[in-house]
Amino acid sequence: GKGSLAWAVAGAAPKPCGRFTSPYIEDITECIAVDDQQISKADAARLAKEVMEDESMRGVKLSAFDRLTVVAFRYFRERAVAAAVVECGMGGRLDSTNI
């Protein structure tokens, strides 16, 4: 499926490589990784808090998947990834991953 393909592509991509997949099996931190090292719970919590507090986000109703996507992109920026493999959500022009 999409997740398996994302893992395979991330493995062959330039390093460091971010990977964003969904859904998770046991822990939400499974969704976000750089070079197969998933985001720490501390980093995930910090970034989620920043997203929720970010002034530019006020007044915008984000879904849980929207927030998770923003957390992933911010984490990838922090980690200065050379590439990011982003598994699409529902697809289409309104999908959070469609940037």
Side-chain angles (χ1 to χ4, degrees):
K2 293 184 307 176
S4 300
L5 182 60
W7 278 77
V9 171
K15 304 299 182 227
C17 180
R19 178 179 37 79
F20 177 57
T21 57
S22 182
Y24 59 92
I25 296 173
E26 293 182 13
D27 192 279
I28 199 164
T29 59
E30 297 168 19
C31 296
I32 303 168
V34 172
D35 291 342
D36 290 331
Q37 187 77 18
Q38 70 188 44
I39 189 172
S40 69
K41 289 184 183 202
D43 281 338
R46 175 183 55 81
L47 288 168
K49 183 178 179 189
E50 286 177 13
V51 168
M52 290 171 40
E53 291 176 348
D54 191 328
E55 194 66 34
S56 68
M57 295 294 172
R58 292 181 192 243
V60 176
K61 293 184 179 184
L62 298 177
S63 69
F65 185 73
D66 293 337
R67 283 190 198 98
L68 186 60
T69 303
V70 174
V71 167
F73 290 162
R74 286 185 177 195
Y75 186 64
F76 297 159
R77 180 181 62 202
E78 283 183 1
R79 297 292 305 273
V81 299
V85 177
V86 179
E87 178 184 13
C88 68
M90 304 258 319
R93 93 181 155 83
L94 298 179
D95 189 310
S96 305
T97 62
N98 186 10
I99 60 167

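Quantities reported herein were computed from a predicted structural model and do not represent experimental measurements. In what follows, every heavy atom counts, from backbone to side chain, and hydrogens, waters and symmetry copies are set aside.
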* To do: Under the side-chain contact (heavy atoms from CB on, under 4.5 Å) rule, what do V81 and Y75 come out as? Steps first, then yes or no, please.
  => CA-CA 9 Å; V81 299; Y75 186 64; over 6 Å; no
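- The side chain to side chain contact (heavy atoms under 4.5 Å, CB included) test applied to A48 returns V71, not counting sequence neighbours.
- No side-chain heavy atom of V70 sits under 4.5 Å from any side-chain heavy atom of D54.
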* Given I32 and L68, is the side-chain contact (heavy atoms from CB on, under 4.5 Å) satisfied, shown in steps? -> CA-CA 9 Å; I32 303 168; L68 186 60; 3.8 Å; yes
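- Heavy atoms only, all atoms of each residue included: S22 and E87 are closest at N-OE1, 3.0 Å.
- Every residue two or more places apart in sequence or in another chain that forms a side chain to side chain contact (heavy atoms under 4.5 Å, CB included) with Y24 is listed here: I28, E30, C31.
- Between A82 and K15, the shortest heavy-atom distance links the atoms CB-O, 3.8 Å.
- Minimum heavy-atom separation, C17 to V85: SG-CG2, 4.0 Å.
- Side chain of D35 to main chain of Q37: no donor-acceptor pair is present (N/O by atom type, distance under 3.5 Å, no hydrogens or angles).
- Enclosure of atom NZ in K49 is not indicated, since only 12 or fewer non-hydrogen atoms of other residues, nucleotides or ligands lie within 6.0 angstrom.
- With values rounded to the nearest 0.5 angstrom, L62 atom CG is found 5.5 Å from R67 atom CZ.
- Here R19 pairs with D36 in a salt bridge; the nearest charged N to carboxylate O distance falls below 4.0 Å.
- Interatomic distance, E78 CD to D43 CG, rounded to the nearest 0.5 Å: 6.5 Å.
- Going from atom CD1 of I39 over to atom CZ of F76 covers 8.5 Å, rounded to the nearest 0.5 Å.
- Defined by atom type and a distance below 3.5 Å, a donor-acceptor pair is missing between the side-chain atoms of D66 and T69.
- Under the 4.0 Å criterion applied to side-chain N and carboxylate O atoms, R46 and E50 are assigned as salt-bridge partners.
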